[in-house]
Amino acid sequence: MAREEDFVLGDGAKIAVVGGGPSGSFASIFTLKMAKMIGKDISVTIFEPKDFNRHGPVGCNHCGGVISELLVQTLAVEGLNVPDAVLQRGINAYKLHTAVGSVDISTPTLENSIATVHRGGGPLGLVCADKKSFDGFLLGEAVRLGAMHHPTKVEGIVFRNGKPALVTSQEETAGYDLVVGAAGIKSPSSHVLEAAGFGYTRPASVTAAIVEIGLDPAFIARSFGNAIQLFLLPVKNVKFAAMIPKGNYVTVCILGKEMSAETVNGFLQHEIVRKVLPPDWSGKPCCRCLPKMNVCASKVPFADRMVVCGDAGSTRLFKDGLGAAYLMGKSVATTAVFQGVSAKHFRRFYHPVYKSIVWDNYYGRYLFGVTDLYKKFSLLTRAMLAVVREEQRDPRNQKRFSTILWNMFTGNERYKNIFGTAISLPLHLDIWGELAKIATRRQPC
C-alpha cells in the first residue's frame, strides 16, 4: 500500500501535460517556476498536436479571445509579459443592441478594460504577419522555462506499477509521477481521460458558434473603434452574441442552447446585426466553427497521480476562460509541487479552488436567466436601456446596471459579486422608476 510520502514529488520527478492550451501551459509554467524556487528538479512534457501559429481551424482553440487587463497585469507580475503583437486591440466600451434600441457602455474604471487576442494563428488568409497567437505565446513560454513539447496526440493512458503512462501513435511512454489532463472537452484526448478508469467523465456542454469575418480595417476603426458589439436579441436558442474587433477581422461569438449552421446564418442576417456590418458584406465568413463549451464541471477531476483542469474540468460559465485557466493551472502546480500528487492532496488543496468556480457559476446561471427575461419582454428591455442611458450620462452616477452588464459580459468580476449588486435595493428602485415612466407614457389621454 502506497504511503503519503510516496506521492511527494522529489528530484527527477516527471509530469506529463495532455493539452498545451492555456490551462496546460499555465500548469506547466508554474510547475517549473515553483520547482526552481524550492530547488527541485522536475521535468514537464507537454503533449499538444496543434501548432497554434498556423492560420485557420488547425491552429485555433475555437474561442472568442478576450483577456482582461487585470489578467495581463497579473501575468506581468508573474514574469509573463504578453507581447504587443499578441494583443490585437484594447477594448474600453460595449455597444449593447436590443430589439428596442441600443446603448453605449463604457468601462467603469480603467482597471476593468479588456483586450482581444487570437487564440491560434488567426483566421484563414490572415495578412497581419506581425500578429501572434496568445496560446502560442503561452506554450512558447513553457518551453522557454524548460518544458518539452511533443507535437503528438495521446491515444491512451495505462497504469504501469502504479504510475500512469501515455500511449501515442509512436510509443508507450515510461510511467509519469503525474498526468495533468488539460485537453478541451471536444478534443479526442478527453475520451482518453475518460477511458483511463479513474472516474472522470467529460462535463456537460453546449454547442457555441465562432465566426471570423474579414473587414476593411478602416471600417472596423470607424464603426467599432475600441468597442465590442453585444447583442441581446429575442432570437430562438441564442442567449447572447458578441462581435469582437481584431485588426482587420471581427470575431463573432454566439452562445445559446445548441448552435447550428442555420442558427448562425439566421443571426448574421438579423436586421439589427446587419446594421453593424458593411452594407455590401457578402454574408460569407472567412472561418466558422461550432465548438463545445463547458457548462457543468466534471465531478471527478482527480485521482492518485491524475488531475484534470481547464475546460475539461471546471471553468467559468460563458466568460473569462483564460482567467479560469490561469487560476486552475496555477492551483494544480501549487498542489503538485508544494504538497503532493495523491487524490488526498488534490482533494485538500486543489478541490476548494475547483469548487469555487463551480459555486460561482450557480450565480452566473441566475444572472443569465435574468438577462433572458429582460430581452424577452420589451417593457423590461426599455427600462434597462433607460437606466443604463441615465447612468452613462451622469458622471457622478454609481452606474450599478452598467457595471453589472460590463462585468457579466467581460468576465472581469466573479458572478457572486455581480449578484450582490444585482439584488441591491437602489438598482431595483431605478428599474421600477423607469417602468413606471414607460407605463405612464403609454396611458391614453
Side-chain angles (χ1 to χ4, degrees), residues 17-30 48 60-68 70-71 74-75 114 117 119 134-135 138 180-187 189-190 193-194 200-210 239-240 242 253-256 259 289-302 307-335 346 350-368 407-418:
V17 180
V18 182
S23 58
S25 291
F26 279 132
S28 303
I29 288 167
F30 287 114
E48 174 53 67
C60 182
N61 257 336
H62 312 300
C63 297
V66 173
I67 183 171
S68 71
L70 178 60
L71 179 56
T74 301
L75 294 181
I114 56 179
V117 297
R119 296 293 306 279
F134 180 78
D135 289 25
L138 283 183
V180 179
I185 56 176
K186 196 178 179 181
S187 165
S189 296
S190 63
L193 293 170
E194 284 187 312
Y200 169 79
T201 56
R202 286 180 297 169
S205 63
V206 296
T207 302
I210 306 292
K239 187 172 288 291
F240 69 92
C253 299
I254 310 174
L255 303 176
M259 295 295 102
C289 62
L290 300 172
K292 291 292 185 182
M293 177 169 285
N294 177 326
V295 293
C296 185
S298 173
K299 293 182 179 179
V300 184
F302 53 79
V307 65
V308 175
C309 65
D311 286 350
S314 173
T315 190
R316 289 198 69 196
L317 181 68
F318 296 138
K319 283 292 172 182
D320 194 31
L322 294 177
Y326 163 79
L327 183 66
M328 303 310 296
K330 187 173 183 179
S331 180
V332 163
T334 303
T335 302
F346 288 119
Y350 172 66
H351 203 232
V353 180
Y354 186 94
K355 289 291 288 185
S356 71
I357 292 181
V358 174
W359 282 108
D360 194 59
N361 284 342
Y362 286 119
Y363 291 97
R365 289 189 179 87
Y366 169 83
L367 292 167
F368 282 111
N407 286 333
M408 277 187 64
F409 295 110
T410 61
N412 267 344
E413 187 60 83
R414 287 212 156 198
Y415 291 127
K416 181 179 180 180
N417 297 337
I418 301 171

(request) List the atom of Arg365, the atom of Cys296, and the distance in Å for their closest heavy-atom pair. (result) NH2-CA, 4.0 Å

(message) Looking at every non-hydrogen atom in both residues, tell me the closest pair between Pro22 and Asp135 and how far apart they are.
(response) CD-OD2, 3.4 Å

(message) If I compare all heavy atoms of Gly184 with all of Asp311, which pair ends up nearest, and what's the gap?
(response) CA-CB, 4.5 Å

(request) Verify the neighbour count for atom OH of Tyr363: are there more than 12 heavy atoms of other residues, nucleotides or ligands below 6.0 Å? (result) no

(message) Can you tell me how far apart OH (Tyr354) and CZ (Phe302) are? Round to the nearest 0.5 Å.
(response) 9.0 Å

(request) Under the side chain to side chain contact (heavy atoms under 4.5 Å, CB included) rule, what do Thr207 and Lys292 come out as? Steps first, then yes or no, please. (result) CA-CA 5 Å; Thr207 302; Lys292 291 292 185 182; 3.0 Å; yes

(message) As an exercise, state the distance from CG of Leu71 to OH of Tyr326, rounded to the nearest 0.5 Å.
(response) 7.5 Å

(message) Which label fits Phe30 and Phe26: parallel for a plane angle under 30°, tilted from 30 to 60°, or perpendicular past 60°?
(response) parallel

(message) For the CD1 atom of Ile357 and the CG atom of Asn294, what is their distance to the nearest 0.5 Å?
(response) 10.0 Å

(message) I'd like to check the side-chain contact (heavy atoms from CB on, under 4.5 Å) partners of Thr334; sequence neighbours left out, ordered by chain and number.
(response) Met34, Lys330, Phe338

(request) Using atom types as modelled and distance alone, determine if a side-chain donor or acceptor of Ser25 lies under 3.5 Å from a backbone N or O of Gly20. (result) yes

(message) Using every non-hydrogen atom in the two residues, find where Tyr350 and Ser331 come nearest and quote the distance to one decimal.
(response) CD1-OG, 3.3 Å

(message) Would you compute the distance between atom CG of Leu367 and atom CG of Asn407 and round it to the nearest 0.5 angstrom?
(response) 10.5 Å

(request) Look up atom CE in Met259 and atom SG in Cys289, then write down how far apart they are to the nearest 0.5 Å. (result) 13.0 Å

(message) Rounded to the nearest 0.5 Å, what separates atom OG1 in Thr335 from atom NE2 in His351?
(response) 11.5 Å

(message) Less than 4.5 Å apart, side chain to side chain, heavy atoms only: is that true for Phe368 and Met408?
(response) yes

(message) Can you give me the closest heavy-atom contact between Ala297 and Val358, atom names plus distance?
(response) CB-CG2, 3.6 Å

(message) How close do Ala312 and Ile185 get, counting heavy atoms only, and between which atoms?
(response) CA-CG2, 3.8 Å

(request) Verify the ring-centre separation between Tyr415 and Tyr366: is it less than 6.0 angstrom? (result) no

(message) side chain to side chain contact (heavy atoms under 4.5 Å, CB included) for Met328 and Val353? Distances and angles first, verdict last.
(response) CA-CA 7 Å; Met328 303 310 296; Val353 180; 3.9 Å; yes

(message) Check whether Ser298 reaches the backbone of Pro203 with its side chain - one donor and one acceptor, N or O, closer than 3.5 Å.
(response) no

(request) Mind jotting down which residue pairs meet the salt bridge (Lys or Arg N to Asp or Glu O under 4.0 Å) criterion with at least one end in residues 313-326? Sequence neighbours excluded, please. (result) Arg316-Asp320, Arg316-Asp360

